[in-house]
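Structure record follows, encoded as structure tokens.
Reckoned from all heavy atoms, side chains included, excluding hydrogens, waters and symmetry mates.
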Amino acid sequence: MPDRGNCYRLFRGWLNRLLDVCFWLCVALVAYVVLQVFVVASFRIPSDSMQPALLPGDRIWVDKLSGGARLFDLPGAAAGEDVCIHRVPGWRKFRRGDVLVFNFPYREGRWDSIGLDVMKYYVKRCIALPGDTLEIRGGWYRIRGVDGPLGNPSAQREIALLPDSGARGVVMETYPWDKRLGWTVKEFGPLAVPRRGQTVRMDRTACLLYRPLVGWEQKRPLHTDSLGRVLLGDSLIDRYTFRENYYFVGGDKALNSQDSRYWGLLPEAYIVGRAWRVWWSEEPYGEVRWGRVLKRIE
């Protein structure tokens with residue numbers, strides 16, 4: 001007959017090993033979740049709108065730690081609910097020139113109001129920060145009080161060379177899509193990019209520019225009446241103080257980029273983090289671009 005004592009010890013040994021494996025798997029899973037939520041996440045680049053900095057087929061690490069990771073109700077956001085987004089403190093602020101990964105700030109078919117789409121991510125370069133006043137003159141980005149190039153100079157040169165009447169395949173008209181302003185990809189602004197606590201005078205033009213932002217912050221529509229007065233819901237206002245920070249972002253390949261020129265300003269709460277490194281890169285036919293592996297994103 002088998003020795004019951006030996007069988008019991010053997011069973012306990014295997015059980016302890018199984019429990020150890022389960023324990024370390026749980027530890028690894030928790031560490032992975034913490035890493036993904038608070039430190040770094042991976043994204044794949046599907047389009048060429050950020051060439052030459054990023055190529056289709058690049059897989060990038062996104063730094064969440066420096067700007068502060070976000071905490072919010074993920075199931076609620078996935079169900080289309082309005083959710084509060086909290087950002088933990090980071091060790092640096094987002095800067096002009098940073099390549100940012102963010103949730104696209106409009107849901108499918110809803111261009112009239114900002115909404116979090118947790119399944120749709122964009123990557124663009126930060127052109128203007130909260131508090132900046134941005135213009136595009138002759139196709140070139142300009143920020144009042146800031147010297148030096150902004151964005152990708154070669155792409156802006158292509159825009160500058162476009163005829164004022166436009167070119168085939170290029171959408172010239174821009175946000176806020178009002179022909180009376182006459183804004184185009186060559187002549188745009190001035191546009192004040194709001195920062196938290198900044199107060200702006202509300203008139204018809206300001207209503208056009210900031211309607212989605214104010215509506216998102218207040219959960220009430222911003223509109224004008226027949227006399228041109230600005231109303232927030234049913235309340236007449238002539239000034240508004242912003243509660244959040246916003247950014248103007250642009251693609252490096254400006255002729256092929258759906259960016260802030262077309263859909264407006266990006267709420268800080270929607271920024272996932274700063275694109276940090278390309279950790280892997282493949283051509284469309286599968287060949288590895290070894291020269292891009294672990295390349296720092298500039």
[Y] side chain reached by [X] side chain, heavy atoms, under 4.5 Å:
X      : Y      : result
Asp132 : Arg96  : yes
Val62  : Val123 : no
Leu255 : Val170 : yes
Arg137 : Pro190 : yes
Ser235 : Arg220 : yes
Asp73  : Pro75  : yes
Gln51  : Pro56  : yes
Asp98  : Arg92  : yes

Say you draw a straight line from [atom1] of [X] to [atom2] of [Y]; how long is it, rounded to the nearest 0.5 Å?
X      : Y      : atom1 : atom2 : value
Ile127 : Ile143 : CD1   : CD1   : 7.5 Å
Trp140 : Leu150 : CH2   : CG    : 10.5 Å
Ser281 : Ile60  : OG    : CD1   : 11.0 Å
Leu116 : Ile85  : CG    : CD1   : 4.5 Å
Glu283 : Arg292 : CD    : CZ    : 9.5 Å
Arg274 : Cys126 : CZ    : SG    : 12.0 Å

Determine, using the 4.5 Å side-chain heavy-atom cutoff (strictly less than), whether [X] and [Y] are members of one ILVMFWY cluster.
X      : Y      : value
Phe102 : Leu74  : yes
Phe94  : Val272 : no
Val40  : Leu294 : yes
Leu213 : Tyr122 : yes
Leu161 : Phe188 : no

Review item, side-chain donor-acceptor pairs of residues 197-209, under 3.5 Å, at least two apart:
from: Gln198; atom 1: OE1; to: Arg195; atom 2: N; distance (Å): 3.0
from: Thr199; atom 1: OG1; to: Thr241; atom 2: OG1; distance (Å): 2.6
from: Asp203; atom 1: OD1; to: Thr205; atom 2: N; distance (Å): 3.2
from: Asp203; atom 1: OD1; to: Ala206; atom 2: N; distance (Å): 2.9
from: Arg204; atom 1: NH2; to: Asp178; atom 2: OD2; distance (Å): 3.1

Does Leu236 sit in a hydrophobic cluster with other residues, and if so which ones, taking ILVMFWY side chains as linked at heavy-atom separations under 4.5 Å, directly or through other members?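 Cluster partners of Leu236: Leu231.
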Side chain to side chain contact (heavy atoms under 4.5 Å, CB included), that's the test. Do Ile136 and Glu187 meet it? Break it down for me. CA-CA 5 Å; Ile136 300 176; Glu187 299 295 330; over 6 Å; no
Do other residues, nucleotides or ligands put more than 12 heavy atoms under 6.0 Å from the CG atom of Asp234?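 Incorrect, the count does not exceed 12.
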Neighbour count >12 (heavy atoms, 6.0 Å) for atom NZ, Lys179: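 No, NZ of Lys179 has 12 or fewer neighbouring heavy atoms, counting only those of other groups under 6.0 Å.
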Side chain to side chain contact (heavy atoms under 4.5 Å, CB included) for Ile114 and Tyr106? Distances and angles first, verdict last. CA-CA 5 Å; Ile114 289 176; Tyr106 293 90; 4.1 Å; yes
Aromatic contact, [X] with [Y] (centres under 6.0 Å):
X      : Y      : result
Phe43  : Trp279 : no
Trp290 : Trp280 : yes
Trp263 : Phe104 : yes

I'd like to know if the side chain of [X] and the backbone of [Y] have a donor-acceptor N/O pair within less than 3.5 Å.
X      : Y      : result
Tyr121 : Val118 : yes
His223 : Gly233 : yes
Trp216 : Pro267 : no
Thr224 : Gly228 : no

Without hydrogens or angle criteria, can the side chains of [X] and [Y] be said to hold a donor-acceptor pair below 3.5 Å?
X      : Y      : value
Lys124 : Ser49  : yes
Arg70  : Asn103 : yes
Tyr240 : Gln218 : yes

List for me each residue that meets salt bridge (charged side-chain N to carboxylate O under 4.0 Å, His left out) alongside Asp147, sequence neighbours excluded, and say none if there are none.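 Salt bridge (charged side-chain N to carboxylate O under 4.0 Å, His left out) list for Asp147, sorted by chain: empty.
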Looking at [X] and [Y], does any basic side-chain N land under 4.0 Å from a carboxylate oxygen?
X      : Y      : result
Lys186 : Asp164 : yes
Lys253 : Asp48  : yes
Arg277 : Asp63  : no

For [X] versus [Y], what's the shortest heavy-atom pair and its separation?
X      : Y      : value
Ala77  : Val83  : N-CG1, 3.7 Å
Ala155 : Ala254 : CB-N, 3.6 Å
Pro212 : Tyr175 : CD-OH, 3.7 Å
Ala167 : Leu162 : CB-CD2, 3.8 Å
Ser260 : Gly264 : OG-O, 2.8 Å
Tyr210 : Ala192 : OH-O, 2.6 Å

Run Trp183 and Leu191 through side chain to side chain contact (heavy atoms under 4.5 Å, CB included) and show every step you take. CA-CA 11 Å; Trp183 290 11; Leu191 172 63; 4.3 Å; yes
Would Asp259 and Arg125 count as a salt bridge (charged side-chain N to carboxylate O under 4.0 Å, His left out) here? Give the steps. CA-CA 9 Å; Asp259 53 39; Arg125 191 174 299 276; over 6 Å; no
What residues form a side chain to side chain contact (heavy atoms under 4.5 Å, CB included) with Glu298, not counting sequence neighbours?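 Partners of Glu298 under the side chain to side chain contact (heavy atoms under 4.5 Å, CB included) test: Arg296.
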Lys93: what forms a side chain to side chain contact (heavy atoms under 4.5 Å, CB included) with it, not counting sequence neighbours?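 With neighbours one apart ignored, the set is empty.
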Worked check of side chain to side chain contact (heavy atoms under 4.5 Å, CB included) between Val193 and Leu129: CA-CA 7 Å; Val193 182; Leu129 298 171; over 6 Å; no
Show which side-chain atoms of residues 242-250 pair as donor or acceptor with protein atoms under 3.5 Å away, not counting sequence neighbours.
from: Asn245; atom 1: OD1; to: Arg196; atom 2: N; distance (Å): 2.7
from: Tyr246; atom 1: OH; to: Glu217; atom 2: OE2; distance (Å): 2.6
from: Tyr247; atom 1: OH; to: Glu268; atom 2: OE2; distance (Å): 2.4

Qualifying residue for salt bridge (Lys or Arg N to Asp or Glu O under 4.0 Å) with Asp58, from Arg44, Lys295, Arg289: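 Exactly one pass, corresponding to Arg289.
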